[in-house]
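To find a chain, count down the sequence lines: A is the first, B the second, and so on, and within it residues start at 1.
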Amino acid sequence: MSRKILLENGDISGIDQFDIYRQHGGYQSVEKAIKTMTPLEVVDEVKKSGLRGRGGAGFSTGMKWSFLDRKSDKPRYLVCNADESEPGTFKDRYLMEKIPHRLIEGMIVSSYALGASRAYIYIRGELMWLAKRLENAIGEAKAHGLLGDNILGSDYSLDLVVHPGGGAYICGEESALLESLEGKRGYPRLKPPFPAISGLYGCPTVINNVESIAAVPWIVTHGGEEYSKIGIEKSSGTKLISASGHINRPGVYEIELGLPVEEFIYSDAYCGGIRNGRTLKAVVAGGSSVPILPAELILRTAAGIPRLMTYESLSDGGFQTGTMLGSGGFIVMDDTTCIVRNTWNFARFYHHESCGQCSPCREGTGWMEKVLHRIEHGHGTPKDIDLLVDIAKKIEGKTICALGDAAAWPIASAIRHFRHEFEYHIAHPDKITDPDHVYQPMGTK
Amino acid sequence: MTPQFSSQTLSNIEILKTRYPVEQSKSALLPILHMAQAEFGGYLSRESMDYVASLLNLQPIEVYEVATFYTMFHLKPTGKYVLEVCRTGPCALSGAEHIVDYLKQKLGVDLNQTTPDGLFTIKEVECLASCGSGPVLQVGECYVENLTDQRVDSMLAALKSGELSDNEPTPAHSILFRTCGDKQS
Amino acid sequence: MVKITIDGIEIEVAAGTTILDAARQINPETAPPAMCFHSKLEGSGGKCRTCLVKVTKTSPSNPRPMPKLAPSCRTFVEDGMEVENNRSEEVLEARKGVVELLLINHPLDCPICDQAGECDLQNLAFEHGAETTDYQEERRRFPAKAIGDLIQLQMNRCILCFRCVYVADQLTDGRHHGVLGRGDSSEIGTYIEAAIDNDFSGNMIDVCPVGALTDRTFRFKSRVWFSKPMAAHRTCEKCCGNAVLWLKGNEILRVSGRRNDVGEVTEFICNTCRFDTKSLHLWEVEGPARISRDSVISQNHTPS
């Protein structure tokens with residue numbers, strides 16, 4: 001069983017309450033940091049830990065922190081990205097629900113390190129009940145002198161605010177999130193300038209994912225070096241994986257980076273294998289945006305090396321034969337899954353969620369969905385497959401933010417690895433709903 | 001008729017405004033729109049949006065722009081309970097399409113329609129971050145997870161009888177509503 | 001001053017210049033096309049993606065190319081920067097793709113569109129577009145919306161450049177219209193379908209690169225190339241009073257702002273000049289207005 005850092009003591013009943021959390025070592029990092037460390041020493045520990053952004057991009061958290069403009073005389077902000085909306089990903093929600101104080105503790109220590117006197121947790125509006133629980137937790141921490149004015153008697157003060165979104169996937173993009181937090185439409189900003197220089201209200205800002213911030217308390221308490229020993233090479237630490245789809249045990253698992261993919265799928269400690277005795281067909285390993293891989297390529301690289309749950313191993317082979325760890329949204333599909341239908345489903349998602357600001361994404365996502373809808377509903381033509389690849393190319397790399405890429409990759413990769421299924425759909429429109437064909441109407445268990 | 005927040009809500013809004021820098025009160029727009037939708041009949045009428053604009057000294061268009069961008073805001077009247085079923089990838093893999101069909105058949109209305117008794121509106125939404133416990137639907141602040149026909153039946157009955165309301169947080173209903181974490185031992 | 005090379009041509013420009021601006025200084029005819037950027041409108045640009053260029057070298061100290069094509073309208077020059085515009089296959093291919101995407105939902109109703117002949121999208125398609133498209137789905141349609149007696153809104157033609165929103169923000173007292181909805185169902189609107197009415201609203205017509213916002217008082221009166229553009233001015237309390245009169249004989253069919261070499265309006269005019277002074281005796285005519293040589297309007301027209 002993997003070691004637990006983020007979900008440490010997660011099974012203790014009442015751990016969502018302040019007293020119990022505190023009894024089990026909670027908020028130690030706040031005491032340690034504020035009483036014995038300078039803010040820059042905290043930044044150093046996070047750098048040493050090798051922690052990489054857990055929201056999907058995998059960029060070094062310590063580096064991100066060190067880009068923050070500390071010379072500016074404007075206030076500095078820390079904003080936590082709790083807008084978790086990537087299909088297949090539900091780990092942040094799980095963590096906040098289970099141990100809300102872990103995030104609050106991380107926010108305090110991180111804000112201290114960054115010199116922020118006000119910090120925001122931007123949580124997706126659908127999780128309003130969870131936003132209220134976080135506010136409750138903030139109230140508890142405040143009552144115990146861990147938040148608000150003069151934390152633990154020091155001269156450091158922090159105001160922590162929970163801010164709900166309104167329903168828009170794009171607000172998970174950090175600059176769109178800032179726009180939304182400013183009360184505007186969630187339009188991604190053009191970069192540069194980057195938020196570290198000009199972010200929230202034009203002030204230097206760091207935006208981190210929930211899981212990244214929740215890892216900071218352990219790093220501060222135990223030291224960055226200790227953290228870097230967990231995991232392998234450049235994938236240090238533990239990662240929350242959201243497992244969903246056709247598996248026996250869907251849920252959130254904290255794994256030590258480096259765990260073999262095969263073990264993750266088949267071990268009873270994790271996914272517990274494919275449900276109903278079916279076989280594995282494909283996996284989307286890092287949330288809906290990353291390339292889908294067929295069973296043989298998710299279990300082993302093209303060179304035949306067993307794949308591991310790390311940033312490097314999952315991306316081995318580039319987009320030709322590899323994928324990405326992304327946000328850790330691990331969607332498993334068994335042999336009854338229709339790849340065409342699933343691809344259309346994802347295309348519909350990106351079409352629905354495109355903000356509409358820049359033309360390639362606004363127009364291209366809709367076009368791709370329409371073509372896929374046609375193929376899935378028996379009106380495809382052989383030219384449509386290459387057309388989809390072509391539209392994806394017209395979007396990829398041309399847009400303001402990464403949503404364009406995120407919309408293009410699932411489609412391009414599905415065609416790359418499952419072209420025959422698209423061809424079958426087009427050649428046999430009458431058989432699309434035939435139970436003998438790969439696609440089966442989905443019923444409840 | 002111009003809508004008017006209760007005095008309790010108005011004082012909450014004053015507290016809310018202090019959470020943002022003085023000259024940045026527009027930041028309070030999304031939270032206030034949520035309050036307006038809850039207090040003014042479950043949707044945002046033009047009058048409600050104009051009222052919110054006046055509270056924050058905004059041009060009405062600034063509120064319309066925001067309200068029409070975010071999917072949680074309903075711009076037309078809805079049923080008392082809006083059943084928002086997730087249709088995205090993982091939920092679709094675990095039977096969301098069937099749940100939508102079942103709801104339609106059970107309630108006798110199509111997507112985006114309201115039952116004649118004014119109780120239920122069915123909508124499809126994108127990913128609700130409940131992929132490990134799909135199919136899922138959201139009603140008000142509640143997530144109803146691991147949906148089956150039976151669970152849909154009991155949810156509808158409980159909502160009808162008033163045994164459940166949609167403004168209580170999800171974990172309060174541990175029998176009907178389970179959080180995704182419950183599956184992990 | 002900094003030195004930048006675009007398609008092998010070196011130019012010295014002021015620090016803080018954009019790549020697009022530098023390219024326009026070299027030659028407006030070969031500069032990247034820009035559908036959403038407008039030099040007079042702060043914050044505009046970056047959205048249409050037609051002006052993407054390849055930065056092959058960021059600066060001598062950072063000789064790496066930029067990882068993605070950069071929007072030249074919002075990317076600032078650095079000393080020693082090297083850029084490929086028309087020389088780069090990648091850029092031309094990307095531009096062709098963007099043009100196609102801008103056109104898939106555009107109605108192509110040029111024969112009945114008042115903008116035809118002076119439409120940036122027409123020119124863009126002609127210069128940078130492909131001959132064919134594989135798009136075969138239905139085009140997007142919006143219900144007609146009235147926004148008053150002066151401006152005609154044809155949402156189906158809109159490419160969401162946001163210029164009119166910036167005009168309303170920066171030129172008029174209080175913005176009443178904006179972009180509503182999301183994604184490809186976004187639309188320009190007032191929500192309450194109120195008239196857009198204030199002294200400078202007419203400038204939205206001039207900045208609109210397509211026929212989405214046209215002069216309602218000019219509607220279906222004439223094809224633009226059958227009228228004669230004359231530079232003229234008058235003394236006006238509200239604006240500069242410098243305009244272009246579009247004449248048919250001695251009749252003023254419409255009044256618009258003056259444009260520079262790249263088609264941007266240089267001076268904004270008020271609604272009185274635009275809509276309410278359509279008698280020739282109210283104006284001091286200077287002579288034929290400058291029109292690009294390539295423009296269809298330049299037929300039968302001798303520029304000054």
(request) Pick one of side chain, backbone, both or neither for A:Ser180, based on which atoms fall under 4.5 Å of a heavy atom in chain B. (result) both

(request) Mind checking the SG-CZ spacing from B:Cys86 to A:Phe349? Nearest 0.5 Å is all I need. (result) 9.0 Å

(request) Please determine if A:Lys184 and B:Glu62 form a salt bridge, counting it only when a charged side-chain N lies under 4.0 Å from a carboxylate O. (result) no

(request) Give, as side chain, backbone, both or neither, the part of A:Thr89 having an atom under 4.5 angstrom from any heavy atom of chain B. (result) backbone

(message) With a 3.5 Å distance limit and no angle check, can you tell me whether A:His246 reaches the backbone of B:Leu93 through a side-chain donor-acceptor pair?
(response) yes

(request) Select, from A:Pro87, A:Cys355, A:Gly10, A:Ala168, the one with the greatest count of heavy-atom pairs under 4.5 Å involving chain B. (result) A:Pro87

(message) Between A:Arg93 and B:Glu145 (salt bridge meaning N to carboxylate O under 4.0 Å), is one present in this structure?
(response) yes

(request) Please check if the side chain of B:Thr71 supplies one atom and the backbone of A:Gly167 the other of a donor-acceptor pair under 3.5 Å. (result) yes

(message) Just so I know, are the side chains of B:Tyr143 and A:Glu126 near enough to count as touching, which here means a heavy-atom distance under 4.5 Å?
(response) yes

(message) Nearest 0.5 angstrom please: A:Arg124 CZ to B:Met72 CE, how far?
(response) 8.5 Å

(request) Nearest 0.5 Å please: distance from the CZ atom of A:Phe346 over to the OG1 atom of B:Thr88. (result) 8.5 Å

(request) To the nearest 0.5 Å, tell me how far B:Glu126 CD sits from A:Asn345 CG. (result) 7.0 Å

(request) Can you tell which part of A:Ile247 gets under 4.5 Å to a heavy atom of chain B, answering side chain, backbone, both or neither? (result) neither

(message) Side chains of B:Tyr70 and A:Cys171, heavy atoms from C-beta outward: is any pair under 4.5 Å?
(response) yes

(request) Using a strict 4.0 Å threshold on nitrogen-to-oxygen distance, state whether B:Glu97 and A:Arg341 make a salt bridge. (result) yes

(request) Flag yes if more than 12 heavy atoms outside B:Lys26 fall under 6.0 Å of its NZ atom; otherwise flag no. (result) yes

(message) If I measure from the heavy atoms of chain B, does A:Tyr350 come under 4.5 Å with its side chain, its backbone, both, or neither?
(response) neither

(message) Can you confirm whether A:Tyr201 sits close enough to B:Pro21 that some side-chain heavy atom of one is under 4.5 Å from a side-chain heavy atom of the other?
(response) yes

(message) For the backbone of A:Gly165 and the side chain of B:His34, can you confirm whether one donor and one acceptor N or O come within less than 3.5 Å of each other?
(response) yes

(message) Over 60° means perpendicular and under 30° means parallel, so tell me whether A:Tyr120 and B:Tyr20 are parallel, tilted or perpendicular.
(response) parallel

(message) When you measure from the side chain of A:Ser244 to the backbone of B:Pro90, do you find a donor-acceptor pair of N or O atoms at a distance under 3.5 Å?
(response) no

(request) Sort A:Ser288 into side chain, backbone, both or neither according to what part of it lies under 4.5 angstrom from a heavy atom of chain B. (result) neither

(message) Given heavy-atom pairs under 4.5 angstrom as the criterion, report whether the side chain, backbone, both or neither of A:Arg118 touches chain B.
(response) side chain

(request) Can you tell which part of A:Val284 gets under 4.5 Å to a heavy atom of chain B, answering side chain, backbone, both or neither? (result) neither

(message) Before you tell me yes or no, could you show the steps for B:Ser133 and A:Phe90 under side chain to side chain contact (heavy atoms under 4.5 Å, CB included), namely the whole-Å CA-CA distance, both residues' side-chain angles and the distance that decides it to 0.1 Å?
(response) CA-CA 10 Å; B:Ser133 34; A:Phe90 46 100; 5.9 Å; no

(message) How close do A:Gly186 and B:Phe69 get, counting heavy atoms only, and between which atoms?
(response) N-CE2, 3.2 Å

(request) Considering only NZ, NE, NH1 and NH2 on the basic side and carboxylate oxygens on the acidic side, decide whether B:Arg19 and A:Glu135 come within less than 4.0 Å. (result) yes

(request) Could you tell me which portion of A:Glu353 (side chain, backbone, both or neither) has an atom closer than 4.5 angstrom to a non-hydrogen atom of chain B? (result) side chain

(request) Of all the heavy-atom pairs spanning B:Cys127 and A:Gly88, show the shortest one and how long it is. (result) SG-N, 4.3 Å

(request) Output the option from A:Lys91, A:Met128, A:Arg348 having the highest count of non-hydrogen pairs under 4.5 Å with chain B. (result) A:Arg348

(message) Please determine whether side chain to side chain contact (heavy atoms under 4.5 Å, CB included) holds for the pair A:Leu127 and B:Glu141, giving the CA-CA distance in whole Å, both sets of side-chain angles, and the decisive distance to 0.1 Å.
(response) CA-CA 7 Å; A:Leu127 297 176; B:Glu141 287 188 16; over 6 Å; no

(message) For B:Glu65, which atoms come within 4.5 Å of any heavy atom of chain A: side chain, backbone, both, or neither?
(response) both

